[in-house]
Amino acid sequence: MEAATILEVASGSKLQVEKASPADTEQPEASLKQWVGSPTPQLLPTVEVHPKIWLPRALRQTYIRKVGDTVNLLIPFQGKPKPRATWTHNGCALDTHRVSVRNGEQDSILFIREAQRADSGHYQLCVQLGGLEATATIDILVIERPGPPQSIKLVDVWGSNATLEWTPPQDTGNTTLLGYTVQKADTKSGLWFTVLEQYHRNSCIVSDLIVGNSYAFRVFAENQCGLSETAPVTADLAHIQKAATVYKTKGFAQRDFSEAPRFTQPLADCTTITGYDAQLFCCVRASPRPKIIWLKNKMDIQGNPKYRALSHLGICSLEIRKPGPFDGGIYTCKAVNALGEASVDCRVDVKTPN
């Protein structure tokens, strides 16, 4: 053939055919027709950045929401050119009536306006670019309050105690139970009081019930959302009966408190000044009540207007009114009853001011 010929194919690419050798001159047209009629080659885009998903730390464990809450998850990823992001729920396509997805250049958003328990499960995000892909799985758990225990029964009552039994609820709220809350109410007040919280067994003993009262009991189930909305109440009341008390009288031994006089606080020596009142004090113990006698220098001074003697609850006092130089001396307090007598002495000095 002569100079090279350039053919343009439908894809826009150009094919240059060089001068043919003598060996190729036998079927030149068939060779060209065969090449021109072949399919146009498809060129894959060059992957500049491999796809990768950046899963937030909070979503690496089960993501828990309550029924009616909004689920709004933003998952960043990378890839250049822009990769293709797809979501699945438990290996199936998403229900577009309930779940919406928005894919951006570098993130994907999964949105559920009002979550229901059916929305729980494994959500997988797949980011594809060319023959490469990255996946991330998110576990979502939608929970609600549990149902009430199916029944509660009063098993036994003894003393101030009552035994209860109940059966677990049929619906746990799509999560594990934290336990049960047991409450009691007496028929007089009708008020409910909590006895046990987050109790894990299906039977219990309620103690310290008040004698003479009658009690009803109820049990709530509890999970992360809180207590069940209702609770079964015992059909029978627990009547705490008063135990019959038998009093045994014992012979009372009369104690003899008789005692001879004994001074527990003696008289104290004192010094006073002429014209200034002086007082003497002492304490005596005796039964029956003793007679108190005051002496000065062994002479009875009872009835002397210069002295005032008092006795109350075993405390004896003697007031010396405006003593003079001749009022000094030895003063004695004597206590006498049917069992004996006792006495105490003190010295009183009266000085004249300079």
Side-chain angles (χ1 to χ4, degrees), residues 4-18 31-145 172-176 178 223-226:
T5 304
I6 300 177
L7 299 177
E8 294 185 5
V9 295
S11 63
S13 60
K14 295 181 179 181
L15 174 67
Q16 183 176 356
V17 181
E18 298 181 354
S31 299
L32 289 174
K33 290 180 180 179
Q34 182 179 0
W35 193 95
V36 171
S38 63
T40 303
Q42 298 294 329
L43 300 179
L44 296 176
T46 302
V47 178
E48 299 182 14
V49 179
H50 288 192
K52 186 175 182 180
I53 299 175
W54 305 98
L55 189 63
R57 184 181 298 273
L59 300 180
R60 296 177 187 176
Q61 55 188 0
T62 302
Y63 183 67
I64 300 177
R65 303 296 291 169
K66 296 180 181 179
V67 171
D69 288 354
T70 300
V71 177
N72 190 9
L73 305 180
L74 186 147
I75 312 299
F77 58 78
Q78 69 176 20
K80 190 173 182 182
K82 178 183 176 181
R84 178 171 174 266
T86 57
W87 286 86
T88 59
H89 178 206
N90 294 332
C92 302
L94 297 179
D95 181 3
T96 56
H97 294 88
R98 295 197 43 75
V99 185
S100 60
V101 174
R102 186 195 66 81
N103 294 324
E105 294 290 336
Q106 297 180 342
D107 57 49
S108 179
I109 297 177
L110 178 75
F111 180 78
I112 304 175
R113 185 174 300 277
E114 293 183 358
Q116 300 297 325
R117 289 170 60 168
D119 297 322
S120 303
H122 304 287
Y123 288 80
Q124 187 178 65
L125 171 64
C126 180
V127 176
Q128 295 177 329
L129 181 58
L132 304 175
E133 70 175 21
T135 60
T137 302
I138 302 171
D139 292 327
I140 297 179
L141 181 63
V142 182
I143 62 177
E144 61 182 343
R145 289 188 178 187
T172 62
N174 204 29
T175 185
T176 57
L178 297 179
N223 64 9
Q224 288 178 267
C225 288

Minimum heavy-atom distance Gln78-Val127, with the two atoms named: O-CG1, 4.5 Å
For Arg84, look at atom CZ and say whether over 12 heavy atoms of other residues, nucleotides or ligands are found less than 6.0 Å away. no
Is a side-chain N or O of Arg65 found less than 3.5 angstrom from the main chain of Thr70, in a donor-acceptor match? yes
Looking only at heavy atoms, what is the nearest atom pair of Asn174 and Val142, with distance? ND2-O, 2.8 Å
Taking all non-hydrogen atoms of both residues, which atom of Val101 and which atom of Ser108 are closest, and how far apart? CG1-OG, 3.8 Å
Taking atom CD as the centre, does Gln116 end up with more than 12 heavy-atom neighbours from other residues, nucleotides or ligands that are less than 6.0 angstrom away? yes
Just verifying a value: how many Å separate Ile53 CD1 and Asp107 CG, rounded to the nearest 0.5 Å? 12.0 Å
Taking every heavy atom of Gly104 against every heavy atom of Phe77, the minimum-distance pair comes out as O-CZ, 3.7 Å
Hey, what's the ring geometry for Tyr123 with Trp87, parallel, tilted or perpendicular (30° and 60° as the breaks)? perpendicular
Is Leu73 close to Tyr63 at the side-chain level, that is, under 4.5 Å between some pair of heavy atoms? yes
I need the Leu94 CG to Gln124 CD distance, nearest 0.5 Å. 11.0 Å
Which distance, rounded to the nearest 0.5 Å, do you find between the CD1 of Ile112 and the CG of Asn72? 10.0 Å
Arg98 vs Asp119 side-chain heavy atoms within contact, under 4.5 Å: yes
Any donor-acceptor pair under 3.5 Å linking the side chain of Asn223 with the backbone of Thr175? no
Taken to the nearest 0.5 Å, the spacing of Lys82 NZ from Glu105 CD works out to 5.0 Å
Shortest non-hydrogen contact from Ala115 to Lys66? CB-O, 4.3 Å
Mind checking the SG-CD spacing from Cys225 to Glu144? Nearest 0.5 Å is all I need. 7.5 Å
Over all heavy atoms of both residues, which pair between Pro56 and Ile75 is shortest? Give the atoms and the distance, please. CD-CD1, 4.1 Å
Using distance alone, with no hydrogens and no angle criterion, decide if His122 and Asn90 have a side-chain donor and acceptor under 3.5 Å apart. no
In terms of heavy-atom contacts, does CZ of Arg60 have more than 12 from other residues, nucleotides or ligands at under 6.0 Å? yes
Check: Gln61 main-chain N/O paired with Asp139 side-chain donor or acceptor under 3.5 Å: no
Steps toward side-chain contact (heavy atoms from CB on, under 4.5 Å) verdict (Gln224, Ile64): CA-CA 10 Å; Gln224 288 178 267; Ile64 300 177; 3.8 Å; yes
Any chance you could measure Leu55, atom CG, to Leu125, atom CG, to the nearest 0.5 Å? 9.0 Å
